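The first residue in the sequence is number 1, and the count goes up from there. Note that this is a predicted model, so its numbers are computed, not measured.
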Amino acid sequence: QVQLVESGGGLVQPGGSLRLSCAASGIIFSIYVMGWYRQAPGKQRELVATIFSDGDSNYADSVKGRFTISRDTAKNTIYLQMNSLKPENTAVYYCNANGAFIPRPNYWGQGTQVTVSS
């Protein structure tokens, strides 16, 4: 079975940091584009960051310079280091795996809550 298991969410004050992890199993990790998405209450899910198998990454403009996505192939795990957190970053953060080849399978984790509040 394909599983993406997120961890590391929680409550943090504005300006604080969190590190999210996503452990993948049941996929050939090296041929999947991995990513983090988030969904705030009343909003649609949006891209936060993606990372390709070679380490190349993309970020939403709103998180550039504050968030860093990384990929540990040996552990089949991706991370999202979040610094200088803002209240508007409050959301459920989801791990995503998107296959490079047809039929381009797509998988989601269960999500982890990040709350930024004083």
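Using a 4.5 Å cut-off between side-chain heavy atoms of Ile, Leu, Val, Met, Phe, Trp and Tyr, with links allowed through other members, Trp36 and Val5 fall into different hydrophobic clusters. With hydrophobic clusters built from ILVMFWY side chains whose heavy atoms lie under 4.5 angstrom apart, Met34 shares a cluster with Val2. Hydrophobic clustering of Ile, Leu, Val, Met, Phe, Trp and Tyr side chains at less than 4.5 Å, counting indirect connections, keeps Phe52 apart from Phe29. Hydrophobic cluster membership is shared by Leu4 and Ile51, with clusters built from Ile, Leu, Val, Met, Phe, Trp and Tyr side chains linked at under 4.5 angstrom. By the rule that hydrophobic residues join a cluster once side-chain heavy atoms approach within less than 4.5 Å of another member, Phe101 and Ile27 end up as members of one cluster.
Atom CG of Leu85 is separated from atom OG of Ser17 by 6.0 Å, given to the nearest 0.5 angstrom. Here Tyr93 contributes atom OH and Gln39 contributes atom CD; the two are 12.0 Å apart, rounded to the nearest 0.5 Å. A distance of 9.5 Å separates CG of Leu18 from CG of Asn83, quoted to the nearest 0.5 Å.
For Asn96 (side chain) and Asn106 (main-chain N/O), no donor-acceptor pair under 3.5 Å exists by modelled atom type. The closest donor-acceptor contact from the side chain of Tyr59 to the backbone of Ile69 lies under 3.5 Å. Side-chain atoms of Gln81 never come within 3.5 Å of backbone atoms of Thr68 as a donor-acceptor pair (strictly under, hydrogens ignored). Checking side-chain atoms of Glu6 against main-chain N and O of Gly111 turns up a donor-acceptor pair under 3.5 Å.
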*Residue pair Tyr37, Trp108: steps toward the ring pair (Phe, Tyr, Trp, His ring centres under 6.0 Å) verdict*: CA-CA 10 Å; Tyr37 293 72; Trp108 295 94; 5.1 Å; yes
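With a 4.5 Å cut-off on side-chain heavy atoms, Tyr94 and Cys22 do not count as touching. With contacts defined as side-chain heavy-atom distances shorter than 4.5 Å, the pair Asn89/Val114 does not qualify. For the pair Ile78 and Cys95, the minimum side-chain heavy-atom distance is below 4.5 Å. Tyr107 places none of its side-chain heavy atoms less than 4.5 Å from the side chain of Gln3.
In this model, no donor atom of one side chain and acceptor atom of the other lie less than 3.5 Å apart for Thr77 and Asp72.
The environment of Gln110 atom CD is dense: over 12 non-hydrogen atoms of other residues, nucleotides or ligands sit within 6.0 angstrom. Heavy-atom contacts from other residues, nucleotides or ligands closer than 6.0 Å to CG of Leu11 number more than 12.
For the residue pair Pro14 and Pro87, the shortest heavy atom distance occurs at CG-CG, 4.1 Å. The two atoms that bring Val63 and Val48 nearest to each other are CG2-O, 3.7 Å, heavy atoms only.
Cation-pi geometry between Arg71 and Tyr79 is not met at under 6.0 angstrom from the ring centre and within 45 degrees of the axis.
Sorted by first and then second residue, the side-chain hydrogen bond (donor to acceptor under 3.5 Å, both in side chains) pairs with a member in residues 44-54 read Arg38-Glu46; sequence neighbours excluded. The list of salt bridge (charged side-chain N to carboxylate O under 4.0 Å, His left out) pairs with a residue in residues 84-112, not counting sequence neighbours, is empty.
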